[in-house]
Peer 1: 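One structure, as structure tokens, below. Some questions next.
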2 protein chains.
Amino acid sequence: MPSRAPRDTQDRILDVAERLLQVRGFNGFSYADIASELRIRNASIHHHFPTKADLGVRLLARYRESFAHSLETIERAGGDARRKLRQYARLYANVVREKNRMCLCGMLASDLGTLPRPMRTGVKGFFDDNEAWLGRVLEEGRKSGVLRFGGSARAHARLVLSSLEGAMLVARSYEDVSRFESVAERLLEDLEARS
Amino acid sequence: MPSRAPRDTQDRILDVAERLLQVRGFNGFSYADIASELRIRNASIHHHFPTKADLGVRLLARYRESFAHSLETIERAGGDARRKLRQYARLYANVVREKNRMCLCGMLASDLGTLPRPMRTGVKGFFDDNEAWLGRVLEEGRKSGVLRFGGSARAHARLVLSSLEGAMLVARSYEDVSRFESVAERLLEDLEARS
DNA sequence: GTCTATAAGATGATAGAC
DNA sequence: GTCTATCATCTTATAGAC
């Protein structure tokens with residue numbers, strides 16, 4: 001179990017930078033913001049992450065791995081597809097709840113036009129991961145009869161992913177998590193087989 | 001009918017700034033970007049829009065009015081709720097198609113944490129407008145039997161708005177309009193009453 | 001209304017001492 | 001690994017001539 005206590009400087013930089021990125025966007029924070037919060041100097045951050053692109057690439061990789069780990073945890077917990085989808089939606093709800101953050105990759109998607117080249121592929125990779133996982137869960141749910149939807153599982157996975165990302169984006173504008181939750185609830189209810 | 005020819009400087013500034021904002025975000029463009037594109041000087045822009053916040057407020061108001069006008073046009077064209085929703089979705093598709101733009105307010109929603117105070121309320125206002133309109137159309141469609149959905153019309157309006165905003169956000173990452181269109185298609189098909 | 005000139009501050013980044 | 005010092009550049013913004 002990871003401790004609550006601060007680990008090495010590199011991790012503390014990543015933690016602060018991650019939050020700043022999720023709240024303010026990639027162009028909305030600077031090395032100075034991180035430095036002042038950690039009470040270190042600007043140059044120290046450059047020692048660990050020479051360029052902002054380096055920092056961004058590391059943040060992206062870490063977030064993607066962390067999310068993949070969460071998906072594995074949901075899988076291992078078992079239960080039917082309905083349950084998995086609800087836990088998946090809760091993952092997103094927790095992000096919004098935590099200081100009104102946006103999904104890191106949703107935020108980067110909006111910043112895409114100004115992103116350093118090496119970061120762009122990572123954003124798509126994250127969405128690909130999520131679509132693939134959702135596609136499998138949806139297919140499983142349809143086969144077992146607990147979910148109902150038209151079209152291919154993969155196409156519906158895209159709808160679910162888009163809807164949740166959009167729900168985060170809009171809910172954040174109102175600083176109201178419950179707005180996210182009510183949209184997620186409608187989305188899932190429509191999927192769950194009635195009758 | 002508005003002509004294609006450039007009008008006064010103020011409007012040309014707004015047109016360029018709008019595109020830059022929709023592609024790069026509010027923190028992703030500068031007065032210098034606008035100036036070089038219009039081949040005028042930085043100071044000329046400040047003459048028309050003293051601060052960037054002023055420019056942002058005007059862009060927001062203009063976009064909101066323009067969108068409201070589009071909604072009225074859809075209303076006047078008549079037809080059933082299905083048709084109105086499809087035209088509404090096409091509004092969004094056209095934005096993405098045009099140089100891979102994001103909805104101006106969706107973009108501002110992601111920038112919200114760094115936005116000048118006077119701009120924040122405008123973003124919510126845009127979403128409120130859209131939710132209200134969608135709510136009316138959904139209700140009308142359910143009453144006339146061409147649409148089917150659970151829960152309140154207003155709650156479903158939030159789902160539709162969130163899904164379309166999210167679909168734009170994700171589709172932009174792939175620079176692929178068809179990705180937006182397929183998600184919108186699934187969303188609408190699920191709404192349309194199957195006998 | 002547009003220009004030149006200029007300012008004050010932020011930003012990403014590097015060199016080199018400790 | 002962290003610091004001080006310094007950098008070129010960008011960004012928003014203003015003063016004042018034309």
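Quick note on labels: first sequence line is chain A, next is B, and so on, each numbered from 1.
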Peer 1: With the side chain of Arg41(A) defined as its heavy atoms from C-beta on, choose the nearest nucleotide among dG1(D), dC3(D), dA13(C).
Peer 2: dC3(D)
Peer 1: Tell me the interatomic distance from Ile34(A), atom CD1, to dA10(C), atom P, rounded to whole angstroms.
Peer 2: 16 Å
Peer 1: To the nearest angstrom, how far is His47(B) atom NE2 from dG1(C) atom C1'?
Peer 2: 5 Å
Peer 1: Find the distance Asp54(A):CG to dG12(C):P and express it as a whole number of Å.
Peer 2: 13 Å
Peer 1: Look at the side chain of Asn42(B) and decide which nucleotide, out of dG12(C), dT12(D), dT2(C), has an atom nearest to it.
Peer 2: dT12(D)
Peer 1: Rounded to the nearest Å, what distance is computed from the OH atom of residue Tyr31(A) to the C1' atom of nucleotide dT9(D)?
Peer 2: 17 Å
Peer 1: Quick one: does any side-chain atom of Asp176(A) pair with a main-chain N or O of Arg172(A) as donor and acceptor, under 3.5 Å?
Peer 2: no
Peer 1: Round to the nearest Å and state the distance from Asp33(A) atom CG to dG9(C) atom C1'.
Peer 2: 14 Å
Peer 1: Report yes if some heavy atom in the side chain of Ile13(A) is under 4.5 Å from a heavy atom in the side chain of Leu55(A); otherwise report no.
Peer 2: yes
Peer 1: In whole angstroms, how far is the C1' atom of dA10(C) from the CZ atom of Phe29(A)?
Peer 2: 15 Å
Peer 1: Hey, which sits more toward the 5' end of DNA chain C by its nearest nucleotide, Ala43(A) or Ala32(A)?
Peer 2: Ala32(A)
Peer 1: Starting from C1' on dT11(C), measure out to CZ on Phe26(A) and report it in whole angstrom.
Peer 2: 13 Å
Peer 1: Below 4.0 angstrom, N of the basic side chain to O of the carboxylate: do Glu189(A) and Arg186(A) qualify?
Peer 2: yes
Peer 1: Determine: side-chain N/O of Thr9(A) to OP1/OP2 of dG1(D), distance under 4.0 Å, yes or no.
Peer 2: no
Peer 1: Can a side chain N or O of His48(A) be found less than 4.0 Å away from OP1 or OP2 on dT2(D)?
Peer 2: yes
Peer 1: Of the listed nucleotides (dC3(D), dG12(C), dC3(C)), which one gets closest to any side-chain atom of Ile40(A)?
Peer 2: dC3(D)
Peer 1: For a quick test of reading the model: is some side-chain N or O of Ser30(B) closer than 4.0 Å to OP1 or OP2 of dC10(D)?
Peer 2: no
Peer 1: Quickly work out the Ile45(B) CD1 to dA13(D) P distance and round it to whole Å.
Peer 2: 12 Å
Peer 1: Indicate yes or no: does Glu131(A) engage Arg154(A) in a salt bridge with an N to O separation below 4.0 Å.
Peer 2: yes
Peer 1: Does a nitrogen or oxygen in the side chain of Ser44(A) sit under 4.0 Å from OP1 or OP2 of dG1(D)?
Peer 2: no
Peer 1: Using a 4.0 Å heavy-atom cut-off, does Phe49(A) contact any base of the nucleic acid, only the sugar-phosphate backbone, or nothing at all?
Peer 2: nothing
Peer 1: So Phe67(B) and Tyr92(B), would you call those rings parallel, tilted or perpendicular, with 30° and 60° as cut-offs?
Peer 2: perpendicular
